[in-house]
Amino acid sequence: VVENGAIAEVTNYFRKELAAKQFKAELVTDEPTRKVFKVTKENKTLFLNILQSKQNVVYLLSSVVYRQSPDAITEKGQ
């Protein structure tokens with residue numbers, strides 16, 4: 001089970017690391033279990049989706065904002 005504040009730790013890690021690597025990171029979604037950064041460098045933009053479920057904190061870098069809760073996702077075949 002994920003402890004309270006786990007998503008904050010992951011979010012803070014990415015804020016620090018992205019800035020250190022000269023990425024512009026703008027927080028565009030700030031919810032208790034979902035944070036989304038718009039990440040830009042050299043005219044390329046992607047979205048860093050950070051999602052907290054009951055079991056994990058996951059992150060996904062994609063060209064779109066991920067809207068589904070990780071708790072709603074099941075593995076194939078389940």
Side-chain angles (χ1 to χ4, degrees):
V1 176
V2 174
E3 295 181 22
N4 289 338
I7 194 169
E9 289 181 37
V10 174
T11 300
N12 289 336
Y13 170 82
F14 277 110
R15 278 186 208 269
K16 180 180 173 184
E17 291 301 313
L18 289 168
K21 293 179 175 29
Q22 267 84 71
F23 284 89
K24 179 182 176 194
E26 175 188 355
L27 186 63
V28 295
T29 301
D30 187 3
E31 298 172 0
T33 60
R34 186 168 72 104
K35 312 291 185 195
V36 180
F37 285 95
K38 181 178 177 183
V39 179
T40 306
K41 186 173 183 179
E42 299 175 2
N43 297 322
K44 294 180 184 176
T45 299
L46 292 171
F47 294 94
L48 175 63
N49 299 265
I50 305 170
L51 309 161
Q52 181 173 316
S53 69
K54 293 175 186 170
Q55 299 295 323
N56 301 302
V57 175
V58 296
Y59 58 91
L60 173 70
L61 187 63
S62 69
S63 59
V64 296
V65 173
Y66 191 72
R67 298 186 186 278
Q68 189 173 7
S69 164
D71 287 325
I73 302 169
T74 59
E75 291 184 27
K76 188 175 180 180
Q78 290 187 351

For this output row, return yes or no: ring centroids of Phe14 and Tyr59 closer than 6.0 angstrom. yes
What are the two closest non-hydrogen atoms of Lys21 and Lys41, and how far apart are they? O-NZ, 2.9 Å
Quick check: do Asn49 and Ser62 have side-chain heavy atoms less than 4.5 Å from each other? yes
Taking the side chain as everything from C-beta on, heavy atoms only, tell me whether Glu31 gets closer than 4.5 Å to Ile7. no
If you define the side chain from C-beta out and look only at heavy atoms, does anything of Leu27 sit under 4.5 Å from Arg15? yes
Any chance you could measure Lys35, atom NZ, to Thr29, atom OG1, to the nearest 0.5 Å? 10.0 Å
Under a 4.5 Å side-chain heavy-atom rule over Ile, Leu, Val, Met, Phe, Trp and Tyr, are Tyr13 and Leu46 clustered together? yes
What about Phe47 and Val58, same hydrophobic cluster or not, with Ile/Leu/Val/Met/Phe/Trp/Tyr joined at side-chain heavy-atom distances under 4.5 Å? no
Answer yes if Val28 and Leu60 sit in the same cluster of Ile, Leu, Val, Met, Phe, Trp and Tyr residues linked by side chain heavy atoms under 4.5 Å apart, and no otherwise. no
Min side-chain heavy-atom separation Val39-Lys24 under 4.5 Å: no
Are Leu48 and Val65 joined in one hydrophobic group, where the rule is that I, L, V, M, F, W and Y side chains link up if heavy atoms are under 4.5 Å apart? no
Are Val10 and Leu18 linked, directly or through other ILVMFWY residues, by side chains that come within less than 4.5 angstrom of each other? yes
